[in-house]
Structure formats: C-alpha cells, structure tokens
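Below is one structure, written out as structure tokens, with a few remarks after it.
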Amino acid sequence: MSDVTDPGGLAPARADGTVVRPEDTRYSSLTIGHNQRFVGRPDSVRVVHGTKQVVAVVEEAVRAGKRIGVRSGGHCFEGFTFAPEIETLIDLSLLDEVRHDPERRAFAIGPGATLGHVYRTLFKEWGVTLPAGACMDVAIGGHLTGGGYGHLSRRDGLVADHLYAVEVVVVDEKGRARTVVATREEGDPNRDLWWAHAGGGGGSFGVVTRFWLRSRGVRSDRPADLLPKAPGNARRRTVMYSWDGMDEASFGTLVRNYGTWYERNSEPGTPACDIWGVLQLFHRSGGMLGLISVIDDALPGASERLNTHVDFLTAGVGATPVIDTDQVIPWMSPQNWPYEPSGNYKHKAGDLRKGYTDEQIAVIWRYLSSTDYHNPAANLGLSGFGGQVNALPADATATAQRDAIVKAVYSTGNWEGGSGAEHLDWVRSFYRDVYAATGGVPLPDERNSGSYINYPDVDLLDPKLNDSGVSWTTLYYRDNYARLQAVKKRYDPGNVFRHAMSVELPS
C-alpha cells in the first residue's frame with residue numbers, strides 16, 4: 001500500500017498503519033493498560049502515525065462491523081479500551097507532536113504525547129506550561145478530554161480551559177469517516193464539538209488526532225505568551241505523621257482543618273489560589289499519613305505564606321510529625337513529578353464543595369484505622385481544587401464541577417495477583433459508607449459536586465451500589481449531559497464510539 005503524507009506535519013505513514021495481531025510478539029504489550037485488572041483481546045491493534053491513517057482505519061472497521069476502541073496512554077481507571085467486545089484497537093501513542101503552530105497562534109499537541117513530554121518541551125522551548133496532572137507518563141489525549149487538572153489548576157484552571165481547537169475523526173450516518181476541526185470561536189459551526197472535548201471525556205464522539213492549546217484572552221503572537229508561565233522553582237512543605245502517634249481526635253482535626261482551609265481559600269482570583277496541596281491518608285498498615293503543600297517560590301513572601309497555610313492545616317492535631325521538611329526544588333525536577341507504578345487497582349472519586357461532616361470523618365477514621373484489613377497501599381487522597389477552575393460558569397465547557405474545592409480519591413492502591421476481592425469489597429464499602437446519607441454516592445448538593453469523568457467508576461451504574469435514584473450521568477455531567485447528547489447525535493449518530501460510560505444517544 002502506498003505511503004500518504006499527513007497534512008498536520010507528521011512523518012509520511014502507511015495508509016493502513018502498523019497492524020499488530022495476536023500472534024505478533026508486540027501484541028501483549030499493546031493490549032494491557034496501566035490498570036492491569038483489564039487485558040484486551042482485539043483482533044488487531046492499529047498503531048497509527050497520522051490523521052489520514054485514523055480515517056482509513058476507522059472507515060475499514062465500520063465497514064466490517066467491528067467494534068472500535070481508542071487509547072492514547074492506556075491510563076483509564078476502568079477497562080474501556082480493553083473491553084472484550086473491542087475488535088479493533090486504535091493506538092494513538094505515536095501521535096506525540098508538541099510544536100508551535102503560528103497559523104493558529106497555538107501549540108499543536110498530539111493525543112499520544114505524555115504529560116512529561118509536553119511539560120519538558122513547553123518548558124525548555126518557551127518557558128510555559130499547562131495546569132495538568134502530576135503523573136508524567138499519562139498521555140494528554142484522555143487527560144485533556146476529561147478536563148485535566150494538577151499542581152497549577154488553582155492558579156490556571158483546567159487543562160481544557162486552555163483548549164483552543166481540536167481535530168477529530170468522526171463517522172456520519174452513512175458510516176463514512178471524516179475529519180473535523182472544531183474551535184472555541186463563537187462563530188465556528190463545529191464549536192459544540194470543541195465544547196464536548198473540553199471536559200466531556202474520551203471515547204464518545206470520535207478519535208482526537210490533534211489539540212491546539214492557547215489560553216483564553218491571549219492576543220499576542222509570541223509563543224511564550226500563549227500559555228501560563230512555568231514556575232522556576234517550587235517551594236514544597238512536607239509534613240508526615242506516624243499512625244502510631246495518631247488517635248481519632250488528632251486524625252479528625254487534620255481532616256477537618258484541610259476541608260476548612262479550602263472552604264475559606266478557593267475563591268477565584270484570591271492570592272491563596274497560588275497554593276496547592278494534597279492530604280494523603282494511607283491505611284494504618286501503611287504506617288504513615290500526611291500532607292504536601294506547594295507554592296511558586298518566586299512569589300513575594302512565598303515561604304511565609306506556605307508556612308501559614310501548613311500551620312493552619314496542622315493546628316491542634318497534637319501528634320508530632322516524624323517528617324517536616326521545607327524544600328525549594330526546580331520545577332522540572334523529578335521530585336515534583338512522582339512515579340505512579342502500574343498494577344491492579346480500583347479508584348473511586350468524589351468532588352467536595354465543603355469539607356467532610358463529622359459523621360463522614362468518623363467513617364473515614366474507621367476504615368483507615370481498621371486492624372482487620374491489611375493493605376499498606378490503600379488510601380484516601382484529597383487534592384486542593386477550586387480557585388481559577390471555578391472562575392468559569394458550569395456550562396463554559398463540558399466540565400460541570402465549577403464549584404468544587406477538593407477532589408477525593410478512595411483507592412485500593414496496587415495489589416499483586418488474584419482477583420483482589422478483599423480490596424474491592426473494602427473500597428466499595430468505604431465509599432458507600434462515606435456517602436451513606438446521599439445514596440452511597442457524592443450526589444450533587446450543598447456539600448458534594450458529583451464526580452470527575454477522568455475518574456470513571458462503573459459501580460455508579462449499579463443500583464445496588466448507587467441507590468440514590470440519580471443516574472451516573474448526573475453525577476459526572478450534571479446539567480451539561482443533554483447538550484453532550486446533542487453533540488453525540490450530530491457527530492456520532494451510529495454510536496460507533498462507545499464504552500461502558502460513554503455519552504449515550506438521546507432517546
């Protein structure tokens with residue numbers, strides 16, 4: 001088959017891509033994701049090198065009636081890209097360009113580019129960055145389409161808030177694949193497709209083959225002005241406690257202080273939005289729990305401001321920290337970007353508008369301090385949110401959680417071997433009991449803001465685990481879901497792109 005040249009500037013590529021079938025030695029490496037609970041068995045994996053290849057592969061699969069799955073980095077919490085029904089798996093990992101596009105006054109980024117590659121390229125070439133996640137090997141494709149957040153989100157909003165345009169391969173009602181470029185420009189007839197990809201999640205509308213990133217309101221043509229400035233150094237305060245010195249009162253004070261600080265310091269535009277932190281509450285069998293807080297060290301009074309923040313979080317805890325460090329670390333130092341090992345795990349999530357109630361804190365203590373369950377990796381992670389994320393209205397992009405101040409992740413951590421039934425039962429019971437007052441889920445109300453589609457959890461489809469009477473679509477999308485369904489109907493009328501939690505066609 002002849003070579004074709006992709007108009008987006010990628011290298012010449014074969015029209016059918018690289019085809020990897022089960023007998024190929026590469027197959028097993030391409031059919032397992034970061035969450036190794038899930039292993040796919042597609043007829044073939046198509047490693048593509050350009051947009052024209054994606055069009056050809058999609059059209060071929062549709063003609064043959066084959067179920068399509070799409071992966072960029074393989075970090076989905078659930079098995080969406082490795083489900084047994086997937087027959088053609090499109091691998092976008094080699095679409096990893098990161099370049100300045102002067103015509104669009106934006107940075108063109110391929111969906112297979114890992115966050116590490118994106119960060120390093122933007123930083124080294126232009127001194128800019130994105131408010132994306134801390135895990136360097138996550139690919140931007142799924143991360144951005146679900147919204148994307150990280151260290152700098154309180155200062156700079158979601159990654160999706162900087163999305164200017166997206167190139168998507170879609171399929172019409174006759175089964176023909178075509179490429180659409182959608183921008184955030186008000187007059188763009190495809191603007192709703194851009195909107196849906198700014199937080200609506202991956203795998204619902206088509207195959208993204210390119211993003212263009214430029215911050216809102218930028219008028220400059222200079223690349224160094226198009227995205228947020230990267231910090232030079234990060235000042236980081238780490239405070240860790242031993243479980244041996246922690247009683248229920250001390251634990252409750254720490255958790256309560258964390259929620260209270262973010263309740264009082266998450267209004268958009270306030271100086272406190274420069275501070276970001278995580279409270280990592282490991283199970284007692286892990287031995288330790290504590291917090292990490294970060295600020296750009298170049299800011300006036302950075303050290304004093306960070307210490308005041310930490311003093312508030314730790315006030316009245318009583319227990320003596322076994323670790324208390326204050327470090328200044330270059331922004332791109334590996335110390336700022338923790339390695340996240342792959343393995344078997346289950347994560348469940350909820351967005352908080354306010355800190356936990358005393359009743360919820362008692363539940364959290366009971367599960368994390370229990371001595372009849374042993375798993376050093378099990379944890380509840382609380383990450384600071386809000387700030388500039390909440391500067392936009394809930395319908396500005398598909399991400400509806402524009403009123404949350406903290407993100408919570410309830411996790412088994414990684415386990416090795418076996419079904420993990422004990423760990424799955426533990427995390428499901430933990431989550432259900434924390435949200436017992438709202439049907440076992442973070443029902444959007446004055447305290448909860450639902451959940452985050454990049455943290456998908458198929459349990460929320462199960463009425464035995466979600467007895468709130470509210471659909472999972474409300475938990476993730478709230479009032480934005482009907483508009484997402486309209487985009488689905490227009491750009492994927494045949495429901496070609498689907499998985500267990502994809503946007504459904506309107507009935």
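All heavy atoms count here, side chains included; hydrogens, waters and symmetry mates do not. Given the structure is predicted, the values throughout are model-derived calculations rather than measurements.
Looking only at distances, no side-chain donor or acceptor of K488 sits under 3.5 Å from a matching main-chain atom of N495. One N or O on the side chain of E263 and one on the backbone of G355 form a donor-acceptor pair closer than 3.5 Å. N414 contributes no side-chain N or O that, together with a main-chain N or O of Y345, makes up a donor-acceptor pair within less than 3.5 Å. Proximity of a side-chain donor or acceptor of N257 to a complementary backbone N or O of L313 within less than 3.5 Å is detected. In this structure, H309 contributes its side chain and A272 its backbone to no donor-acceptor pair below 3.5 Å. Put simply, the side chain of N466 gets close to the backbone of V470: a donor and an acceptor are under 3.5 Å apart.
Side-chain contact between I140 and S72 is absent, with no heavy atoms from C-beta onward closer than 4.5 Å. You'll find the side chain of M288 stays beyond 4.5 Å of the side chain of Y241, heavy atoms only. V487 is listed as a side-chain neighbour of L193, based on a closest heavy-atom distance under 4.5 Å. Contact annotation: the side chain of E416 never approaches that of N344 to less than 4.5 Å [non-hydrogen atoms, C-beta and beyond].
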Candidate pair L279 and L254, rule side-chain contact (heavy atoms from CB on, under 4.5 Å), full reasoning: CA-CA 9 Å; L279 179 61; L254 182 63; 3.9 Å; yes
Pair H374-W426, ring-ring contact (aromatic ring centres under 6.0 Å, His included): steps then yes or no: CA-CA 10 Å; H374 182 88; W426 178 84; over 10 Å; no
Pair D324-R237, salt bridge (charged side-chain N to carboxylate O under 4.0 Å, His left out): steps then yes or no: CA-CA 7 Å; D324 189 344; R237 181 90 180 270; 2.7 Å; yes
Pair Y410-H347, ring-ring contact (aromatic ring centres under 6.0 Å, His included): steps then yes or no: CA-CA 6 Å; Y410 309 75; H347 297 334; over 10 Å; no
Verdict with supporting geometry, R256 and D358, salt bridge (charged side-chain N to carboxylate O under 4.0 Å, His left out): CA-CA 8 Å; R256 194 174 298 108; D358 288 346; 3.0 Å; yes
From CA spacing to verdict: side-chain contact (heavy atoms from CB on, under 4.5 Å), V239, V310: CA-CA 8 Å; V239 179; V310 172; 3.8 Å; yes
R478/D403 under salt bridge (charged side-chain N to carboxylate O under 4.0 Å, His left out): CA gap, chis, key distance, verdict: CA-CA 12 Å; R478 293 165 59 175; D403 52 7; 3.1 Å; yes
side-chain contact (heavy atoms from CB on, under 4.5 Å) between N336 and R236, worked out: CA-CA 9 Å; N336 279 328; R236 184 174 71 181; 4.2 Å; yes
Audit row: D395, R483, salt bridge (charged side-chain N to carboxylate O under 4.0 Å, His left out) steps and yes/no: CA-CA 10 Å; D395 61 354; R483 184 175 173 185; 5.4 Å; no
Pair H143-V159, side-chain contact (heavy atoms from CB on, under 4.5 Å): steps then yes or no: CA-CA 8 Å; H143 186 68; V159 185; 4.0 Å; yes
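Under 3.5 Å, the side chains of Y373 and N375 contain a donor-acceptor pair of N or O atoms. Between the side chains of S342 and Q36, at least one donor N or O sits under 3.5 Å from an acceptor N or O. No side-chain N or O of H283 forms a donor-acceptor pair with one of S369 less than 3.5 Å apart.
Remark: K407 qualifies as a cation-pi partner of Y452 under the 6.0 Å distance and 45° angle criteria applied to the six-membered ring.
Among the candidates R402, R216, R155, the single residue satisfying the salt bridge (charged side-chain N to carboxylate O under 4.0 Å, His left out) test with D161 is R402. For the salt bridge (charged side-chain N to carboxylate O under 4.0 Å, His left out) criterion with D459, the lone passing option out of K346, R432, K464 is K346.
Considering OG of S451 and OH of Y476, their distance stands at 4.0 Å, rounded to 0.5 Å. For the atom pair CD1 of I32 and CZ of R37, the computed distance is 12.5 Å after rounding to the nearest 0.5 Å. If you take OG1 on T238 and CG on L291, they are separated by 8.0 Å, rounding to the nearest 0.5 Å. Remark: D274 CG to D296 CG distance equals 7.5 Å, nearest 0.5 Å.
Between H34 and F77, the gap from one ring centroid to the other reaches at least 6.0 Å. Between H117 and Y119, the distance from one ring center to the other does not fall under 6.0 angstrom. Remark: aromatic rings of W243 and W365 are close, center separation under 6.0 Å. Taking the six-membered ring where the residue is Trp, the centroids of F430 and Y367 are separated by under 6.0 Å. Aromatic ring centres of F385 and Y149: separated by under 6.0 Å.
When the shell of 6.0 Å around CG of D479 is examined, it contains 12 or fewer heavy atoms from other residues, nucleotides or ligands. Counting non-hydrogen atoms of other residues, nucleotides and ligands closer than 6.0 Å to CD of E85 gives a total above 12.
Between G146 and N454, the closest heavy-atom pair is CA-OD1, 3.1 Å. Across G350 and P442, no two heavy atoms sit closer than the pair CA-CG, 3.9 Å.
Using cut-offs of 30° and 60° on the angle between ring planes, the pair Y477 and Y481 is parallel.
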